[in-house]
Amino acid sequence: MEPPSAGNLDMIELLDEIRAMITERGPITVEQFMQLALAHPDLGYYMNRDPFGATGDFTTAPEISQMFGELIGLWAAEVWSSMGSPDPVRLVELGPGRGTLISDALRAARIVPAFRNALDVRLIESSPALATMQHELLVDCGVAVSWAQTLKEVPNGPAIVIGNEFLDALPVRQFVRVSGQWRERTVRLNNDGALVFDVAGRPEPYIRAAAANGEVLEVSPSGHRLMFELGARLVKQGGAALIIDYGHAVTRYGDTLQALRAHRYVDPLAAPGDCDLTTHVDFAAMARSATATGAAVYGPVDQGDFLRAIGIDLRTKALAERASPDRAEEFERARARLVGKGQGEMGALFKAMAVADRRLRPPPGFQPNTKSA
Ligand code: SAH
């Protein structure tokens, strides 16, 4: 028999731990399952690996092209100037992954030296493995960078916050409409000891929405908490946040929990800790929480429209002109993948939303918000 790889060993251990937990205490909620699978301190998916890129499980926009982080760096510089150029300014990234976005952003920010000199970069990262990787990438970047586990730990003061594919990694609660009532979706063991979905025996009478039987309602408690925290901070201390993720602009029903392993969809319950688990972000719900704090919310707009509005076409052209024909072709392909709205392209699937201090003008790439003036 082949010896199991380290990855498989981790998976078996976490699956065993979850089985033992359910045997002892009964079914767990989908939220608890996601939390364990992604963020278990030792065996969670993000805790001890590099999930990105061609050899990993999935690819993100900053990994597709340097242009993504560069444009966001220039976006941040412009927001900073609209804030009155505070020095210092916190530049916070939520879930930086390999650190590629922030590294590209800081390089692009060299053309605005006063901004770069004012920067106090704070990376919010729960995974020790990824924090180490970020550290290695940024060690010579020439800007002060430090790490924290939560936004709360970032010292007071004006801030610009970036989060790409962060919200989709936060655990959600799911409710299923059964016989005219909402019941929380759970995970239990079947007779073979495999994990299967179920629903809780007790209904949730406080959810007022009505829906057809079989519909699924997803709620992200930690997403809402983050939006409240962000909004309140920006209103009080100034600044803006840019949230980019895949999801829908309008709240709708549906089970969006998905698992990716080696760029393929797999059963979300089959290998906890060994595949990426995400859900689609409900931008309307996130916007409601941010708005409730008194912050201004802009968008969501399609990622493709946002990137074009902040100059991806010009940037592609400039880079392509200075590159070899092969490299030039690569920049063009990356541009198409980031802004295109067809199958397999990210331009419409992904959305950008900004949360900001009301006193600021609309951030670059967003129209004035007429709804909630
Ligand atoms: N922004 C990166 C990575 C996205 S993956 C990119 O676009 O490539 C999600 C990232 O968020 C990972 O770095 C993961 O370790 C981190 N993360 C997930 N949940 C977190 C939490 N609750 N607190 C802090 N970081 C978290």
Side-chain angles (χ1 to χ4, degrees), residues 31-73 76 91-105 121-138 145-154 161-172 220-227 229-230 241-247 258-261 263 273 275-281 303 306-307 334 337-338 346 349-352:
E31 185 188 28
Q32 289 168 322
F33 175 78
M34 271 187 92
Q35 178 68 27
L36 288 165
L38 292 176
H40 182 289
D42 307 316
L43 308 170
Y45 176 71
Y46 285 115
M47 289 308 141
N48 40 34
R49 76 182 72 220
D50 169 17
F52 307 101
T55 55
D57 294 313
F58 60 99
T59 303
T60 60
E63 303 299 331
I64 289 171
S65 171
Q66 67 185 69
M67 296 189 289
F68 189 79
E70 289 170 350
L71 289 166
I72 289 176
L91 178 60
V92 181
E93 189 182 357
L94 307 168
R98 282 178 167 172
T100 309
L101 189 160
I102 195 75
S103 155
D104 293 336
V121 174
R122 304 275 169 164
L123 303 181
I124 311 297
E125 178 57 71
S126 54
S127 156
L130 290 174
T132 302
M133 211 167 204
Q134 295 153 16
H135 194 88
E136 281 164 9
L137 188 66
L138 294 166
V145 181
S146 42
W147 280 261
Q149 301 267 333
T150 64
L151 187 62
K152 281 197 185 68
E153 295 166 51
V154 174
V161 181
I162 312 291
N164 185 62
E165 290 211 46
F166 180 74
L167 283 173
D168 68 45
L170 300 178
V172 300
S220 171
S222 21
H224 283 290
R225 219 153 36 234
L226 178 69
M227 288 296 126
E229 223 178 288
L230 254 184
L242 175 65
I243 305 294
I244 302 180
D245 224 308
Y246 58 125
Q258 63 184 36
L260 269 179
R261 192 181 193 178
H263 301 266
C275 57
D276 187 38
L277 283 184
T278 60
T279 60
H280 287 205
V281 173
Q303 171 174 297
F306 173 71
L307 291 176
R337 184 148 172 219
L338 292 173
M346 300 172 75
L349 183 60
F350 281 72
K351 311 255 185 284

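Just so you know, ligand 1 is whichever comes first in the structure, and atom 1 is the first atom listed for that ligand. As a basis for the values below, the full set of heavy atoms in this structure was taken, side chains included, without hydrogen atoms, waters or symmetry mates.
Aromatic ring orientation, Phe350 versus Tyr246: tilted (interplanar angle from 30° to 60°). Note on ring orientation: taking the six-membered ring where Trp is involved, the planes of Trp147 and His135 are tilted (angle from 30° to 60°).
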I'd like a table of the close N/O pairs between ligand 1 and the protein (anything under 3.5 Å), one pair per line with both atom names and the distance.
residue	atom	partner	partner atom	Å
ligand 1	1 (N)	Gly95	O	2.7
ligand 1	1 (N)	Asn164	O	2.8
ligand 1	7 (O)	Thr60	OG1	3.4
ligand 1	7 (O)	Asn164	ND2	2.8
ligand 1	8 (O)	Thr60	OG1	2.5
ligand 1	13 (O)	Gly97	N	3.0
ligand 1	13 (O)	Glu125	OE1	2.6
ligand 1	15 (O)	Glu125	OE2	2.5
ligand 1	25 (N)	Ser126	N	3.3
ligand 1	25 (N)	Ser126	OG	3.3

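When each of Ile72, Val121, Leu137, Val145 is tested with Ile102 by the rule side-chain contact (heavy atoms from CB on, under 4.5 Å), just one qualifies, namely Val121.
Applying the ring pair (Phe, Tyr, Trp, His ring centres under 6.0 Å) test to Tyr45 and every residue at least two apart in sequence or in another chain returns nothing.
The salt bridge (Lys or Arg N to Asp or Glu O under 4.0 Å) contacts involving residues 92-103 comprise Asp50-Arg98, Glu63-Arg98, where partners must be two or more places apart or lie in separate chains.
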Identify every side-chain donor-acceptor pair in residues 31-41 under 3.5 Å, counting partners at least two apart or on other chains, and give the distances.
residue	atom	partner	partner atom	Å
Gln32	OE1	Thr29	N	2.8
Gln32	OE1	Thr29	OG1	3.4
His40	ND1	Asp42	N	3.1
His40	ND1	Leu43	N	3.0
His40	NE2	Glu17	OE1	3.4
His40	NE2	Glu17	OE2	2.9

